[in-house]
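Shown next, in structure tokens, is the structure this report addresses.
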Amino acid sequence: MEFVHKSVLFDEAIDSLNIDDTKVIADLTAGGGGHSREIAKRAKRLIAIDQDPDAIKVLGERLGSLDNVTIVNDNFVNIKSIVSSLGLDSIDGMLLDLGVSSFQLDTAQRGFSYHKDAPLDMRMSKSGLSAKDVVNTYSEEQLADILYRYGEEKFSRRIAKNIVEARQNGEIETTFELVDIIKSAYPQKAMRDSHPARKTFQAIRIEVNAELDKLSQTLDSALDVLAPGGRISVITFHSLEDRMVKERFAKWANPCTCPKEFPVCVCGKKPLGEMPFKSKAPSKAELEENPRARSSRLRTFIKY
């Protein structure tokens, strides 16, 4: 299958980075090269990073011939070491387009989609802990916890109980096996709201790829490697990611720890930068063209 990914909030994300031909920009989730291709046209240098070997192959085909592009197969959590290994002290901007790419969702054998029957996998890097490992080895308590914490799934305990009971008859190996188990835990009335497997699949994917832990580490590392005036833009796809980015940016913009009743700041903590806008959501036209963009949000921080 061709690596196709509709880049959400495309114009907004590119504009937010304020790119010109003096700047070094890193696309930390380069994927199929949608954002990367446009960044490469405008920037002095593009560092295109992705942990997915399939994406790296495609990036090589699409961008490898460009003199100002460096392609790196790594996880964005290692941005500090990546920048250092390229002989750079800092960079001028970076983009994080989080979540699962259209290619990963549409490639059945990757196991990300609850609409396609495939082996339980969900590994963005195609290595390490898999969804099958999580489903078949985690305790009932662990399963219930990640479904509630990462999927905000209110039927987490019932689903976890059904998973543990089902695997006593043999390993749960495919996405549709898991979907059937989830459906068996759902009240009929709740089935009408959205696909019953959506939250569970999100939660397991986040656990498999340690997405929130790596995002938290990456945000702090990103601020360290940004040059003064540099920008970090993040596109999120669910409330847990967006809350983390929103709170981190707000803390950087206003790190003061003085009690609210103090008339002036005495803690001495100065703002590390500012947010040029609160957040941006997809336009109506984009949502009509790409319904998968519906939950996306863009936030940007400028370092002082």
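In this text the structure is predicted, and so the values were computed from the model without any measurement. Heads up: numbering here begins at 1 and tracks the sequence.
- Side-chain N/O atoms of Ser233 and Arg299 include no donor and acceptor closer than 3.5 Å.
- Aromatic ring orientation, Phe201 versus Tyr114: perpendicular (interplanar angle above 60°, classes split at 30° and 60°).
- Between the side chains of Ser36 and Asp27, at least one donor N or O lies within less than 3.5 Å of an accepting N or O.
- Salt bridge present: Arg110 and Asp52 bring a charged side-chain N and a carboxylate O closer than 4.0 Å.
- Hydrophobic clustering places Val179 together with Ile172 (ILVMFWY residues linked when any side-chain heavy atoms are closer than 4.5 Å, directly or through intermediates).
- In terms of hydrophobic clustering, with Ile, Leu, Val, Met, Phe, Trp and Tyr side chains grouped at heavy-atom distances under 4.5 Å, Val134 and Val164 are assigned to a common cluster.
- Between Leu98 atom CG and Lys214 atom NZ the span is 12.5 Å, to the nearest 0.5 Å.
- Taking CG of Asn73 as the start and CG of Leu59 as the end, the distance is 9.5 Å to the nearest 0.5 Å.
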Applying side chain to side chain contact (heavy atoms under 4.5 Å, CB included) to Val135 and Ile181, what does each step give before you reach the verdict?
CA-CA 11 Å; Val135 167; Ile181 293 165; over 6 Å; no
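- With Lys23 as the fixed residue, the side-chain contact (heavy atoms from CB on, under 4.5 Å) test singles out one of Ile91, Leu46, Asn18, Ile39: Asn18.
- Residue Arg123 forms a side-chain contact (heavy atoms from CB on, under 4.5 Å) with just one option from Val208, Asp133, Leu129, and that option is Val208.
- Taking hydrophobic clusters as Ile, Leu, Val, Met, Phe, Trp and Tyr residues chained together by side-chain heavy-atom distances below 4.5 Å, Ile302 does not share a cluster with Val245.
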Verdict with reasoning, Leu219 to Met244, per side chain to side chain contact (heavy atoms under 4.5 Å, CB included):
CA-CA 9 Å; Leu219 289 172; Met244 180 182 291; 4.2 Å; yes
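- Using the six-membered ring where Trp is involved, His115 and His195 have ring planes that are perpendicular, over 60° apart on the 30 and 60° scheme.
- When side chains are defined from C-beta on, Ile146 does not count as touching Tyr148, because their heavy atoms never get closer than 4.5 Å.
- Taking 4.5 Å as the limit, every side-chain heavy atom of Leu272 sits out of range of all side-chain heavy atoms of Lys303.
- Rounding to the nearest 0.5 angstrom, the gap separating the OG1 atom in Thr175 from the CD1 atom in Ile204 is 11.0 Å.
- Between Thr218 and Leu96, some side-chain heavy-atom pair lies under the 4.5 Å cut-off.
- Note: the hydrophobic cluster containing Ile206 does not contain Val77 (ILVMFWY, side chain heavy atoms under 4.5 Å, direct or indirect links).
- Annotation: cation-pi geometry not satisfied between Lys251 and Phe249 (NZ/CZ under 6.0 angstrom from ring centroid, within 45° of ring axis).
- With no hydrogens or angles considered, no side-chain donor-acceptor pair links Ser283 and Glu286 at under 3.5 Å.
- One hydrophobic cluster holds both Val8 and Phe277 under the rule that ILVMFWY side chains link at heavy-atom gaps under 4.5 Å.
- Judged purely by atom type and a 3.5 angstrom limit, Ser125 uses its side chain to pair as donor or acceptor with the backbone of Ser127.
- Within the 4.5 Å cutoff, the side chain of Ile47 has heavy atoms near those of the Val72 side chain.
- Arg205 and Glu211 are joined by a salt bridge, as a carboxylate oxygen and a charged side-chain nitrogen come within less than 4.0 angstrom of each other.
- Closest heavy-atom contact between Ala253 and Met275: CB-CE, 4.0 Å.
- Taking Ala227 as the reference, Ser90, Asp92 meet the side-chain contact (heavy atoms from CB on, under 4.5 Å) condition, with sequence neighbours excluded.
- The backbone N or O of Ser139 sits less than 3.5 Å from a side-chain atom of Gln142, completing a donor-acceptor pair.
- In this structure, NZ in Lys280 is found 7.0 Å from CG in Asp15, a value given to the nearest 0.5 Å.
- For Phe112, the ring-ring contact (aromatic ring centres under 6.0 Å, His included) criterion is met by no residue, not counting sequence neighbours.
- Using a 4.0 Å cut-off between charged nitrogen and carboxylate oxygen, Lys44 and Asp20 do not count as a salt-bridge pair.
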Run the numbers on Glu177 and Thr174 for side-chain hydrogen bond (donor to acceptor under 3.5 Å, both in side chains), then give the verdict.
CA-CA 5 Å; Glu177 285 179 61; Thr174 71; 3.2 Å; yes
Please lay out, stage by stage, how Ile25 and Leu17 fare under the test side chain to side chain contact (heavy atoms under 4.5 Å, CB included).
CA-CA 8 Å; Ile25 308 292; Leu17 291 169; 4.3 Å; yes
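- Within 6.0 Å of NZ on Lys161 lie no more than 12 heavy atoms contributed by other residues, nucleotides or ligands.
- Of all heavy-atom pairs between Gly31 and Ala55, the closest is O-CB, 3.6 Å.
- Here the CG atom belonging to Leu287 is positioned 10.0 Å from the NZ atom belonging to Lys284, to the nearest 0.5 angstrom.
- Contact check for Leu223 versus Ile232: no side-chain heavy atoms found under the 4.5 Å cut-off.
- Counting heavy atoms from C-beta outward, Thr236 and Arg243 have side chains that stay 4.5 Å or more apart.
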Test side chain to side chain contact (heavy atoms under 4.5 Å, CB included) on Asp54 and Lys126; report intermediate values, then the result.
CA-CA 9 Å; Asp54 291 344; Lys126 302 181 81 170; 3.2 Å; yes
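- Side-chain contact between Ile79 and Leu28 is present, with at least one heavy-atom pair separated by less than 4.5 Å.
- In the displayed structure, Arg157 atom CZ is contacted under 6.0 Å by at most 12 heavy atoms of other residues, nucleotides or ligands.
- Using a 4.0 Å cut-off between a side-chain N of Lys or Arg and a carboxylate O of Asp or Glu, Arg42 and Glu38 qualify as a salt bridge.
- Ser130 and Asp121 are not linked by any side-chain donor-acceptor pair at a separation below 3.5 angstrom, with hydrogens and angles left out of the test.
- Using a distance-only test at 3.5 Å, with no hydrogens or angles considered, a donor-acceptor pair links the side chain of Asn209 to the main chain of Met122.
- No donor-acceptor pair closer than 3.5 Å links the side chain of Thr200 to the backbone N or O of Ala197.
- Under a 3.5 Å cut-off, the side chain of Arg158 and the backbone N or O of Tyr186 do not form any donor-acceptor pair.
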Begin from the C-alpha positions of Ser216 and Arg248 and carry the test side-chain hydrogen bond (donor to acceptor under 3.5 Å, both in side chains) through to its verdict.
CA-CA 9 Å; Ser216 180; Arg248 195 67 56 88; 2.9 Å; yes
Let's go through Arg231 and Ser16 carefully: what are the C-alpha distance in whole Å and the side-chain angles of both, what is the deciding distance for side-chain hydrogen bond (donor to acceptor under 3.5 Å, both in side chains) to 0.1 Å, and is it a yes or a no?
CA-CA 8 Å; Arg231 299 181 176 216; Ser16 73; over 6 Å; no
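- A salt bridge links Asp145 with Arg149: at least one charged nitrogen is closer than 4.0 Å to a carboxylate oxygen.
- No side-chain donor-acceptor contact under 3.5 Å links Glu207 to the backbone of Ala203.
- The CD atom of Glu173 sits 7.5 Å away from atom CG of Asn136, with the distance rounded to the nearest 0.5 Å.
- Inter-residue side-chain proximity for Ile235 and Arg297 is flagged as unmet; no heavy-atom pair is nearer than 4.5 Å.
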Counting only pairs under 3.5 Å, give me each side-chain donor-acceptor contact of residues 81-88, with atom names and distances, residues two or more places apart or in other chains.
{"from": "Ser81", "atom 1": "OG", "to": "Asn78", "atom 2": "O", "distance (Å)": "2.9"}
{"from": "Ser85", "atom 1": "OG", "to": "Ser81", "atom 2": "O", "distance (Å)": "3.3"}
{"from": "Ser85", "atom 1": "OG", "to": "Ile82", "atom 2": "O", "distance (Å)": "2.7"}

